[in-house]
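Here is the structure we will look at, set down as structure tokens.
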Amino acid sequence: FQENGVAADPHVEFMDGRRHGSSADLERLRDYYEHKFQNLKFGVIISSDDTALGFLLQNHQRLFPQTPVVFCGVGMIERYDFSRRPLFTGFAEVTDNQETVALALKLHPQAQRVVVVSDLQSRWSDLEQAFPQRKFVFLDPQNLELSELLDRLRQIPPDSVGLLEAFFGNRFGQTFTASQVTRLISENCQFPVYGVNANTFRHGIVGGKLNDGYLQGVEAARRALAILKGTAPRSLPIVRESMNHFQFDYKQLQRWQIDPSRLPPGSLVVNRPASLYEQHAAIIWTGAAFFALQSVAISVLLFNIRRRHKAEVRLRASEDNLEKAQSIAHIGSWDHNLLNGRLWWSPETYRIFGYDEERPVVSLEFFLARVHPEDCAAVLRASSEARQHGKAYSVE
């Protein structure tokens, strides 16, 4: 919203449907929302995950009539009917199991079996049909205590690859975080484990074509912005295709000796150690800028020195020519500095006044002492008029 210059005041409601998603819980939540939002109207609602979408489809007219809904993070979108829901639009959450397994087998061609840890048994047969040349081992975390699941994983030979789907509990009442179970599974396997959910990423899986909630959120926000700016929800078709990207953990690539150059083009690799340039980029650029400026300064200085030297040579030649010309014509020249009163005589002027060898310091008094007494007044008058009125100085 900020990047697009839209002033929005997001109001967040966390339903906690994974732990409190029973019918009774959702009925109580509906009654509470009806009371809470009776005098509040939203411009658009962004719904995340299946529980939230199911809740809105059932209670939309009662709680938020005429309010557009953009949904994301919905995994079982085929069970929802949007044919008579013109205010609903959004994105399906696609899990790219087959693409991830195909890549894992390409990176580990020696693998004889694929170990799948997933509580969604509906996907198991699809994987077996897609890769009939490999043996599949399916472990349902819902029906295994965590310790038993880890024991079974430790017994599987190393010539295998794993596929992990995030899970958060089992029928024995144990609950977990995605990062917790990912770390434990990765540590207890003798083979590389790949994933399909971004919430298992950076916690032990090598990587995969990951279903990333961040990307879903970005797309949902863009669609919500379009609606806030006047686009009708019905003109924004529901996206049912995968928006996932390949992402990998460099530490796990190193652990399992996987060459990053074998990854799909455009893959995101995290935890890659910074290169020498990346570690010291600021220092390198500062040094380069300093040396560049120094080089420019030195070049300019050398250019100016050469130019000044040439000018000095030309000046000395000009002065020599002037002195020779004055000597030949017996004409002297002089300068009078009115600020400090100093006079400068050319060599020929010294000779005119009889100083062929000695060249004493010249002043106005020194000059007037060598002017005929009858001419001093005329010289001083002409000099004064020249200074005061800018008249030409001409005295014989």
Side-chain angles (χ1 to χ4, degrees), residues 1-3 6-77 79-80 82 85 87-95 119-120 141-142 165-170 173-182 195-203 210-225 227-228 233 238-239 243-244:
F1 288 166
Q2 293 174 353
E3 291 175 356
V6 175
D9 181 19
H11 181 96
V12 180
E13 287 289 336
F14 180 49
M15 298 174 62
D16 198 13
R18 291 190 183 275
R19 286 185 288 261
H20 303 284
S22 68
S23 298
D25 289 330
L26 296 179
E27 286 181 9
R28 283 191 290 267
L29 194 61
R30 179 203 61 202
D31 294 339
Y32 173 59
Y33 284 172
E34 188 172 26
H35 168 74
K36 184 176 182 178
F37 300 128
Q38 59 182 333
N39 296 317
L40 182 61
K41 181 175 177 58
F42 295 105
V44 64
I45 294 174
I46 298 178
S47 163
S48 176
D49 215 344
D50 293 76
T51 303
L53 177 59
F55 178 85
L56 283 170
L57 286 170
Q58 186 174 357
N59 300 290
H60 180 257
Q61 187 60 33
R62 180 171 175 177
L63 297 178
F64 311 106
Q66 306 307 313
T67 303
V69 175
V70 178
F71 61 82
C72 60
V74 178
M76 306 292 287
I77 195 170
R79 64 186 175 186
Y80 302 112
F82 298 100
R85 300 284 187 168
L87 293 177
F88 281 72
T89 184
F91 306 86
E93 182 180 68
V94 179
T95 305
D119 55 6
L120 295 175
Q142 281 286 335
E165 286 201 60
F167 62 94
F168 304 92
N170 56 33
Q174 293 178 306
T175 58
F176 322 101
T177 64
S179 59
Q180 178 186 17
V181 294
T182 303
V196 290
N197 304 106
N199 53 6
T200 63
F201 194 42
R202 304 173 189 258
H203 302 295
L210 302 182
N211 169 33
D212 195 335
Y214 175 80
L215 299 178
Q216 290 260 329
V218 170
E219 295 302 324
R222 288 175 178 167
R223 190 155 286 197
L225 281 170
I227 291 173
L228 289 174
I238 295 173
V239 178
M243 299 187 300
N244 303 333

Distance in Å, [X] [atom1] paired with [Y] [atom2], rounded so as to fall on 0.5 Å steps:
| X | Y | atom1 | atom2 | value |
| --- | --- | --- | --- | --- |
| F167 | Q174 | CZ | CD | 9.5 Å |
| E93 | L215 | CD | CG | 11.5 Å |
| L53 | I45 | CG | CD1 | 11.5 Å |
| L29 | H20 | CG | NE2 | 11.0 Å |

Please name the pair of heavy atoms, one in [X] and one in [Y], separated by the smallest distance, quoted to 0.1 Å.
| X | Y | answer |
| --- | --- | --- |
| D50 | V74 | OD2-CG1, 3.5 Å |
| S47 | V69 | CB-CG1, 4.2 Å |
| S48 | A52 | O-CB, 3.4 Å |
| A166 | N199 | CB-OD1, 3.5 Å |
| I238 | I77 | CG2-CD1, 3.7 Å |
| A221 | F1 | O-CE2, 3.9 Å |

> So, S22 versus D25: side-chain donor-acceptor pair below 3.5 Å or not?
Replying inline: yes
>> Under a 3.5 Å threshold, yes or no: a donor from one side chain and an acceptor from the other, between Q142 and N170?
In response: no
> Is the shortest heavy-atom distance from the side chain of N211 to the side chain of V196 under 4.5 Å?
Replying inline: no
>> Taking the side chain as everything from C-beta on, heavy atoms only, tell me whether F91 gets closer than 4.5 Å to R223.
In response: yes
> Is the distance between the ring centroids of F42 and F37 under 6.0 Å?
Replying inline: yes
> For the ring pair F71 and F82, is the centre-to-centre distance below 6.0 Å?
Replying inline: yes
>> Keeping N244 on the side-chain end and V94 on the backbone end, is there a donor-acceptor pair under 3.5 Å?
In response: yes
> Are the side chain of Q216 and the backbone of A92 linked by a donor-acceptor contact shorter than 3.5 Å?
Replying inline: yes
Less than 3.5 Å apart, which donor and acceptor atoms pair up between the side chains of residues 54-61 and the rest of the protein, not counting sequence neighbours?
residue, atom, partner, partner atom, Å
N59, ND2, F55, O, 2.9
H60, NE2, F64, O, 3.2
H60, NE2, T67, O, 2.7

> Taking only residues at least two apart or on different chains, which pairs with a member in residues 33-42 satisfy side chain to side chain donor-acceptor pair (under 3.5 Å)?
Replying inline: E13-Y33, E13-K36, E34-R62
Among all residues two or more places apart in sequence or in another chain, which pass the side chain to side chain contact (heavy atoms under 4.5 Å, CB included) test with [X]?
| X | value |
| --- | --- |
| V44 | P68, V70, A224, I227, L228 |
| T175 | none |
| F14 | D16 |

>> Using the rule given for salt bridge (Lys or Arg N to Asp or Glu O under 4.0 Å), can you reason through E27 versus R30, listing the C-alpha separation, both sets of side-chain angles and the distance that settles it, and then say yes or no?
In response: CA-CA 5 Å; E27 286 181 9; R30 179 203 61 202; 5.1 Å; no
> Got more than 12 heavy atoms from elsewhere within 6.0 Å of CG, D9?
Replying inline: no
>> If the condition is salt bridge (charged side-chain N to carboxylate O under 4.0 Å, His left out), which residues does D212 pass it with, not counting sequence neighbours?
In response: none
